[in-house]
Amino acid sequence: MEGGHTGAERRFDIWAAGTAYERYMGRWSRTVAERFVAWLDRPDGLRWLDVGCGTGALTATVAARCGPAALLGVDRSAGFAASARGLLAALHAPGDAARARFAVADARALPVPDASCDVAVSGLVLNFLPGPASAVAEAVRVVRPGGTVAAYVWDYADGMRLLRHFWDTALALDPAAATLHEGRRFPLCRPDPLRELWRGAGLVDVAVDGIGVDTVFTGFADLWEPFLSGQGPAPGYVAALTPAARDRLRTALRQAVPTRPDGSIALTARAWAVRGRRPAGDAAVQL
């Protein structure tokens with residue numbers, strides 16, 4: 001299954017500034033990463049690859065919890081790769097950080113030899129790739145027979161309430177936002193399409209599960225201001241609006257989200273996680 005979005009839609013998919021992304025989505029993705037790694041339940045001493053490592057939430061979790069013999073994070077954004085490298089250096093002992101390396105490269109052309117990793121993972125990136133099937137095939141190529149390929153994506157259609165509120169509000173004000181609505185753009189981000197994608201890459205023992213987290217904002221400013229960062233589809237859309245249209249969206253979104261008496265806003269987010277095993281003795285699928 002391929003990515004279901006056009007070049008016109010991808011113009012809003014901006015990923016470059018790690019600090020801005022951290023406030024927008026990184027604070028929630030770290031919690032999902034921890035639960036994802038626990039779900040994988042891999043032993044220590046393995047060779048890990050994090051494809052589309054972003055600002056390093058998943059890479060740092062693997063370093064902290066999995067005792068990797070080697071750990072490589074790959075991202076096509078040099079800015080994100082630099083942020084991930086800084087996060088590892090800040091959070092982990094020198095020995096842990098030394099075992100982690102980072103490279104700037106495309107998920108569909110990994111700078112890794114065949115069958116050189118034990119586990120290839122990816123967090124919150126698969127649906128943004130123009131060819132997700134090619135990226136999964138690449139992950140299968142670099143994982144040894146018997147190794148694990150796994151990923152997680154937000155449930156944009158229903159379970160990621162922050163973005164569902166945002167896009168439903170934007171669409172009510174601007175019918176042109178229909179093609180940008182992430183719940184519509186990313187049909188891949190559901191259990192059956194993910195399962196199909198993994199099985200189509202030749203992986204076996206495929207499993208899909210939901211990972212839910214609470215996303216609590218101290219107030220509306222805490223929710224709204226990250227949308228001004230320009231990092232990601234929704235902030236990219238906000239950045240392209242006129243000041244008057246941006247103000248209308250802000251007012252409508254404030255009215256749409258459920259606010260507690262103390263001003264805080266409690267939402268939930270769900271990711272879908274998928275994992276599979278490369279069969280022993282099998283060649284990687286070539287696409």
Distance, nearest 0.5 Å, that separates OG of Ser29 from CZ of Phe36: 12.5 Å
Rounded distance [0.5 Å steps], SG in Cys66 versus CZ in Arg42: 10.0 Å
From Thr31 atom OG1 to Ile211 atom CD1, the distance as rounded to the nearest 0.5 Å: 11.0 Å
OH on Tyr237 to NE2 on His181, rounded to 0.5 Å: 11.0 Å
Val104 with Val74, same ILVMFWY side-chain cluster at under 4.5 Å: no
N-O pairing of Asp155 and Arg190 below 4.0 Å: no
Heavy-atom closest contact (Pro193 atom, Leu188 atom, distance): CB-O, 3.6 Å
OG1 on Thr218 to CG on Asp262, rounded to 0.5 Å: 9.5 Å
Minimum heavy-atom distance between Pro145 and Ala115, given as atom pair plus value: CD-CB, 4.2 Å
Cluster overlap Leu163 with Leu171, hydrophobic side-chain contacts below 4.5 Å: no
4.5 Å side-chain heavy-atom contact, Trp48 and Leu72: no
Donor-acceptor under 3.5 Å (Arg246 side chain, Val238 main chain): yes
Expected output: side-chain Thr251 to main-chain Asp247 donor-acceptor under 3.5 Å: yes
side-chain contact (heavy atoms from CB on, under 4.5 Å) partners for Ala266, two or more places apart: Val216, Arg260
Interatomic spacing from CG in Asp214 to CZ in Arg161 - rounded to 0.5 Å: 13.5 Å
N-O pairing of Asp192 and Arg195 below 4.0 Å: yes
Centroid separation Trp28 to Phe217 less than 6.0 Å: yes
Validation row, ring centre Trp167 to ring centre Tyr156 under 6.0 Å: no
Side chain proximity check, Arg277 to Leu203, heavy atoms < 4.5 angstrom: no
Side chain to side chain, Leu58 and Arg30, heavy atoms closer than 4.5 Å: no
Smallest separation among heavy atoms of Leu49 and Cys117, with atom names: CB-SG, 3.9 Å
Among Val257, Leu223, Ile265, the one residue meeting side-chain contact (heavy atoms from CB on, under 4.5 Å) with His165: Val257
Minimum side-chain heavy-atom gap Trp154-Leu124 below 4.5 Å: yes
Test item: Asp174 side-chain N/O and Ala170 main-chain N/O as donor-acceptor pair under 3.5 Å: no
Any Arg250 side-chain heavy atom under 4.5 Å of Gln255 side chain: no
Non-neighbouring partners of Ala38 that pass side-chain contact (heavy atoms from CB on, under 4.5 Å), sequence neighbours left out: none
Arg199 (side chain) donor-acceptor with Gly276 (main chain) under 3.5 angstrom: no
Side chain to side chain contact (heavy atoms under 4.5 Å, CB included) assessment of Leu126 paired with Val136: CA-CA 9 Å; Leu126 193 64; Val136 177; 4.0 Å; yes
Short side-chain to backbone donor-acceptor contact, Trp198 and Val204, under 3.5 Å: no
Non-hydrogen atoms of Thr215 and Ala269 that approach each other most closely: CG2-CB, 3.8 Å
From CA spacing to verdict: side chain to side chain donor-acceptor pair (under 3.5 Å), Thr59, Asp50: CA-CA 6 Å; Thr59 319; Asp50 182 5; 2.6 Å; yes
Main-chain N/O of Val51 paired to Ser122 side chain as donor or acceptor, under 3.5 Å: yes
Electrostatic pair Arg270-Asp158, nearest N-O below 4.0 angstrom: yes
Under 3.5 Å donor-acceptor, Thr148 side chain and Val119 backbone: no
Test item: Arg65 side-chain N/O and Val37 main-chain N/O as donor-acceptor pair under 3.5 Å: no
Closest approach of Trp272 to Cys189 (non-hydrogen atoms, all atoms of both residues): CD1-O, 3.3 Å
Parallel, tilted or perpendicular, as decided by the 30° and 60° cut-offs, for the rings of Phe166 and Phe227: parallel
Side chain to side chain contact (heavy atoms under 4.5 Å, CB included) assessment of Val142 paired with Asp114: CA-CA 4 Å; Val142 304; Asp114 293 356; 5.7 Å; no
Within-4.5 Å side-chain heavy-atom neighbours: Asp75 and Phe102: no
Side-chain donor/acceptor of Arg278 to backbone N/O of Gly146, under 3.5 Å: no
Charged N-O contact under 4.0 Å between Glu138 and Arg141: yes
Residues Val149, Arg275; criterion side chain to side chain contact (heavy atoms under 4.5 Å, CB included); working and verdict: CA-CA 6 Å; Val149 177; Arg275 69 187 181 209; over 6 Å; no
Stepwise side chain to side chain contact (heavy atoms under 4.5 Å, CB included) check, Tyr152 with Trp39: CA-CA 11 Å; Tyr152 56 95; Trp39 179 66; over 6 Å; no
Pairwise side-chain contact, Leu46 with Asp44, heavy-atom cut-off 4.5 Å (strictly under): no
Flag side-chain contact, heavy atom, 4.5 Å: Met160 against Glu182: no
Donor-acceptor under 3.5 Å (Arg184 side chain, Thr179 main chain): no
Exercise: identify the closest heavy-atom pair between Thr169 and Ala252: CG2-CB, 3.5 Å
